[in-house]
Amino acid sequence: MRKVSFAEFGGPDVLQLIDAEEPHAGPGRIRIAVRAAGVNPVDWRVREGQVLGAHPIELPSGVGLDAAGVVDEVGEGVTGVEVGDRVFGEGSSTYAEFAVLGAWARMPEGLSFEEAAGYPSVVETALRVIREVGVRPGQTLLVSGASGGVGSAVLQIARDRGIRVIGTAGAANQEYLRDLGAVATTYGEGWVERVRRLGEVDAALDLAGSGVIRELVELTGAPEKVVSIADLGAPEFGVRFSGVAGSVPVALAEAVDLIVRGKLHIPVEKSYALTEAAAAHVDSQAGHTRGRRVVVI
Ligand SMILES: NC(=O)c1ccc[n+]([C@@H]2O[C@H](COP(=O)([O-])OP(=O)(O)OC[C@H]3O[C@@H](n4cnc5c(N)ncnc54)[C@H](OP(=O)(O)O)[C@@H]3O)[C@@H](O)[C@H]2O)c1
């Protein structure tokens, strides 16, 4: 089968499309014929060798966590899913024709593979950070970096729970944030004052890692009211860095519920062929993805 792989850590040009042995579903796992794979920043962080500590990587390595496709092997002990089912979930080496998933859910009717591939990691992360920051219905949550994949999920989950959101994004994404129910303002020069003018903030999330932890603590009044997923320096300010994934099956079940109720839609910014994985990484690394990018197979 065709699979995107890298034999050394480095820039996007280390990615190669190779012929590889097909993987098979071990106990508790399923294999899918991949139709689309989500492109997450962690994919290029792993490719660069940035996340060696958390996930030891053996080279050569495949790329990709999230995928959507059609089940074609069901491992020992797996129940509730059959060959031919359309599923989305998380596994490994998903930029490939076949991939093994460790967590999955049936795709809701009407959802395309392309769109579905963008949900698993971002919804898990969004649910986790909303829980960890402890924001409650009726309160105001400030989200720095609100237009990306995780931000898009946070805004919609917050709206569904009755949490008011103030989001920062680039000028091109102000209308997008408003469409997702947030009060929008731009980041950059003067952003703290612009947020202050929009009202009191009860909790804040740093989703962009743009060096704003001190300001988020000032705006909320306390470090325990702030959580970052993108700034490893956050603990220096007493702020929690959230890096340990929660339950993916729980997140997928919540995603399905929200999608079926029409409360969650994460747009696909752009689709790439398997031969264009390096371009997908270059574009993701540029840091201005609205929603999610996907590789289609
Ligand atoms: N720790 C964890 O568990 C975990 C989990 C998931 C993701 N992450 C990390 O969290 C970050 C966000 O992930 P993602 O998937 O949402 O990324 P993404 O889809 O690539 O989105 C990045 C967003 O950052 C915004 N941005 C760029 N510069 C900014 C600035 N100076 N101020 C505020 N926003 C800015 C962009 O908005 P504009 O286009 O509007 O400029 C863009 O929408 C990544 O660094 C990723 O590696 C960590």
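- A 4.5 Å side-chain heavy-atom check between I297 and F113 finds every atom pair outside the cut-off.
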**Request:** Evaluate the criterion side-chain contact (heavy atoms from CB on, under 4.5 Å) for residue pair V123 and L252; output intermediate values, then yes/no.
**Result:** CA-CA 7 Å; V123 173; L252 291 169; over 6 Å; no
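- With values rounded to the nearest 0.5 angstrom, K263 atom NZ is found 9.0 Å from L258 atom CG.
- Residues K225 and D202 are not in side-chain contact: their nearest non-hydrogen atoms beyond the backbone lie 4.5 Å or more apart.
- Nearest heavy-atom pair, E124 versus A251, reported as atom, atom and distance to 0.1 Å: CA-CB, 3.5 Å.
- Y95 is linked by a ring-ring contact (aromatic ring centres under 6.0 Å, His included) to H281, counting only residues two or more places apart in sequence or in another chain.
- Heavy-atom contacts from other residues, nucleotides or ligands closer than 6.0 Å to CD of E22 number more than 12.
- For CZ of R136, the number of neighbouring non-hydrogen atoms (other residues, nucleotides, ligands) closer than 6.0 Å is 12 at most.
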**Request:** Show your reasoning for whether side-chain contact (heavy atoms from CB on, under 4.5 Å) applies to L15 and R47.
**Result:** CA-CA 8 Å; L15 297 179; R47 189 209 68 221; 3.7 Å; yes
**Asked** Yes or no on side-chain contact (heavy atoms from CB on, under 4.5 Å) for W104 and V78, after CA distance, side-chain angles and deciding distance?
**Response** CA-CA 11 Å; W104 60 85; V78 173; 3.5 Å; yes
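- A donor-acceptor pair under 3.5 Å is formed between the side chain of E276 and the backbone N or O of A273.
- Here L142 contributes atom CG and T168 contributes atom OG1; the two are 6.5 Å apart, rounded to the nearest 0.5 Å.
- Remark: side-chain polar atoms of R194 are paired, donor with acceptor, to backbone N or O of E189 under 3.5 angstrom.
- Between H265 and E115, the closest side-chain pair of non-hydrogen atoms falls below 4.5 Å.
- Side-chain contact of W44 with S284: a donor-acceptor pair under 3.5 Å is present, judged by distance alone.
- More than 12 heavy-atom neighbours from other residues, nucleotides or ligands sit within 6.0 angstrom of CZ on R159.
- Rounding to the nearest 0.5 angstrom, the gap separating the CD1 atom in I166 from the CG atom in L198 is 5.0 Å.
- Ion pairing between E254 and R131 fails under the 4.0 Å rule for side-chain N and carboxylate O.
- A donor-acceptor pair under 3.5 Å links the side-chain atoms of R31 to the main chain of P23, judged by distance alone.
- Residues L219 and V226 share a single hydrophobic cluster, defined by chaining ILVMFWY side chains whose heavy atoms lie under 4.5 Å apart.
- Atom CZ of F9 is separated from atom CG of L59 by 4.0 Å, given to the nearest 0.5 angstrom.
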**Asked** Would D19 and R2 count as a side-chain contact (heavy atoms from CB on, under 4.5 Å) if you check the C-alpha gap in whole Å, the side-chain angles of each, and the deciding distance to 0.1 Å?
**Response** CA-CA 5 Å; D19 279 320; R2 294 182 310 150; 4.1 Å; yes
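- Sorted by first and then second residue, the pairs that involve residues 231-244 and meet salt bridge (Lys or Arg N to Asp or Glu O under 4.0 Å), not counting sequence neighbours, are E132-R240.
- Between P108 and V260, the shortest heavy-atom distance links the atoms CB-CG2, 4.0 Å.
- Put simply, the side chain of D66 reaches to within 4.5 Å of the side chain of E90, judged on heavy atoms.
- Residues N40 and V122 form a side-chain contact, since some pair of their non-hydrogen atoms from C-beta on lies under 4.5 Å apart.
- Think of V268 as one node in a network of Ile, Leu, Val, Met, Phe, Trp and Tyr side chains linked at under 4.5 Å; its network also takes in V294, V296.
- Of the possible donor and acceptor atoms, one in the side chain of Y119 sits under 3.5 Å from a partner among the backbone N and O of I266.
- When the side chains of ILVMFWY residues are joined at heavy-atom separations under 4.5 Å, either directly or via intervening members, V39 and V34 end up in a single hydrophobic cluster.
- Ionic pairing of E193 and R196 is present here: one or more N-O contacts between side-chain nitrogen and carboxylate oxygen are shorter than 4.0 angstrom.
- Using a cutoff of 4.0 Å between basic side-chain nitrogens and carboxylate oxygens, D257 and R261 are scored as salt-bridged.
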**Message:** Does E175 form a salt bridge (Lys or Arg N to Asp or Glu O under 4.0 Å) with R178? I'd like the steps, not just the answer.
**Reply:** CA-CA 5 Å; E175 195 59 42; R178 285 193 278 271; 3.5 Å; yes
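- A donor atom on one side chain and an acceptor atom on the other are not found under 3.5 Å apart for E269 and H288.
- Not one N or O on the side chain of S242 forms a donor-acceptor pair closer than 3.5 Å with the backbone of S228.
- Heavy atoms only, all atoms of each residue included: A184 and L177 are closest at CB-CB, 3.8 Å.
- Checking side-chain atoms of T220 against main-chain N and O of A203 turns up no donor-acceptor pair under 3.5 Å.
- Distance alone, capped at 3.5 Å, places no donor-acceptor pair between the D160 side chain and the G162 backbone.
- Contact between A158 and I130 at its shortest, heavy atoms only, is N-CD1, 4.3 Å.
- Under the 4.5 Å side-chain heavy-atom criterion for ILVMFWY residues, no single connected hydrophobic cluster contains both V87 and F98.
- Two different hydrophobic clusters hold V143 and V212 under the rule that ILVMFWY side chains link at heavy-atom gaps under 4.5 Å.
- Residues L216 and F237 fall within the same hydrophobic cluster, defined by Ile, Leu, Val, Met, Phe, Trp and Tyr side chains chained together at heavy-atom separations under 4.5 Å.
- In this structure, Q174 contributes its side chain and T185 its backbone to a donor-acceptor pair below 3.5 Å.
- Proximity of P60 to Q16: side-chain heavy atoms (C-beta onward) are nowhere separated by under 4.5 Å.
- Here the closest heavy-atom approach between residue S147 and residue N173 is recorded as OG-ND2, 3.3 Å.
- Note that the CD atom of Q156 and the CG atom of L264 stand 5.0 Å from one another [nearest 0.5 Å].
- Proximity of F241 to D206: side-chain heavy atoms (C-beta onward) are nowhere separated by under 4.5 Å.
- Distance CG/L205 to OG/S144: 9.5 Å, rounded to 0.5 Å.
- No donor-acceptor pair under 3.5 Å is formed between the side chain of R290 and the backbone N or O of Y176.
- The two residues R164 and E200 have their closest heavy-atom pair at NH1-O, 4.4 Å.
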